[in-house]
Amino acid sequence: MEHLIDIKSISKEDILNIIKIAKEFKTGTRKSQVQGKTLSLMFYENSTRTRCSFEMAAKKSGMNVINFDAEHSSISKGESFKDTVENLYFLGVDAVVIRHSLSGIINNVLKLVKYPIKFINGGDGTHAHPSQALLDFYTMLEKINTVENKKIVIVGDIRHSRVAKSNIMLLSEFGADLHVVSPSYMEFENYDSFKVKYHKDLKEGIKDADVIMVLRVQNERLEKEGYPDSIEYKRLYELDTNIIKEYASKNVILMHPGPVNRNMEISSELLDNDMGKTILEQAQNGVYVRMAILDMLLSKGGNR
Ligand code: CP
């Protein structure tokens, strides 16, 4: 694995290796191989989990962290992204995590940069969020051992969700019985290529589900497209304890990448009961999965 840009550019073997290494870090049976390396966090979009989790992962691995201040950087004076990253490399940075609102920008910059700095996609536009899909996969395996033939239902704004797209790609590789639930204005056009079953009706979609992954309603993106009534969305798609009890399987796992809009896509009461704890465990697992990603990308080759 040279970089982590999206799920389709890494192999099944890489994915399983990341899961294995993350488990070793979580159980304390592995020592980091990347002490003394430097990670820069380049976040052009807001983030709590991804940014703090990569910072925590790097620090637990004995790395140095440079929090690149996108707003006050020399990019505002016209410096290109390529020149910025190349300068960071010569300052001693070994890898960058980039979050950006433009889909595909990380891959474009990667092609221009001439030096061997590692790129990690921390979420680009509506394209991909691979470290999130990897930590989601890790959490599912921890809870239900395998995703093969398990009914995994993704609910919400699939069209704008880089998390959903990365998860669909990864989970279909591992044989999950994939379903999505969304209104037509949040639909994604490529279901057929991943054998995903589409439902408009929440109750029908979550019937006998083993895992329900709820997505955040992305008001900031939908508003630009004339977002329909939020009260109507809540009425049709909000998950609460009653719906889960009545329709999903008894031991269903409730997941959400965060941040959650309480009482919009999940009721506050459901979020605060035992079932909501998995969402916090996803965030916790993210640290170990990101330690594994840093280990895979940076452990070969000595310090510069
Ligand atoms: N899941 C996720 O990407 O959360 P943040 O936007 O807080 O990083």
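As the structure lists them, so they are numbered: ligands from 1, and atoms in each ligand from 1.
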From CA spacing to verdict: side chain to side chain donor-acceptor pair (under 3.5 Å), Asn263, Lys234: CA-CA 8 Å; Asn263 299 317; Lys234 179 178 159 66; 4.8 Å; no
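- Arg49 NE, 3.0 Å is the protein heavy atom nearest to atom 4 (O) of ligand 1.
- Residue Phe81 holds its CZ atom at 5.0 Å from NE2 of His100, rounded to the nearest 0.5 Å.
- From Glu265, atom CD reaches atom CG of Leu270 across 11.5 Å, with rounding to the nearest 0.5 Å.
- A tilted orientation is assigned to the rings of Phe68 and Tyr44, their planes being inclined by 30° to 60°.
- Ligand 1 has no N or O atom lying under 3.5 Å from any N or O atom of Arg51, backbone or side chain.
- Atoms of ligand 1 found under 4.0 Å from any heavy atom of Thr48, numbered from 1 in the order shown, are 5 (P), 7 (O), 8 (O).
- No heavy atom of Glu45 sits closer than 4.0 Å to any atom of ligand 1.
- Using 4.0 Å as the threshold, Gly258 has a heavy atom nearer than that to some atom of ligand 1.
- Of the protein's heavy atoms, Pro257 O, 2.9 Å lies nearest to atom 1 (N) of ligand 1.
- In this structure, Asp177 pairs ionically with Lys197, as a charged nitrogen and a carboxylate oxygen lie closer than 4.0 Å.
- Between Lys143 and Asp210, none of the side-chain N atoms (NZ, or NE/NH1/NH2) sits under 4.0 Å from a carboxylate O, so this pair counts as no salt bridge.
- Those atoms of ligand 1 that come under 4.0 Å of a heavy atom in Gln132, given as number and element, are 1 (N), 2 (C).
- Counting protein heavy atoms only, atom 6 (O) of ligand 1 is closest to Arg99 NH1, 2.8 Å.
- For the pair Pro259 and ligand 1, the shortest N or O to N or O distance does not fall below 3.5 Å.
- A salt bridge between Glu55 and Arg51 is absent, with no side-chain N of the basic residue lying under 4.0 Å from a carboxylate O of the acidic one.
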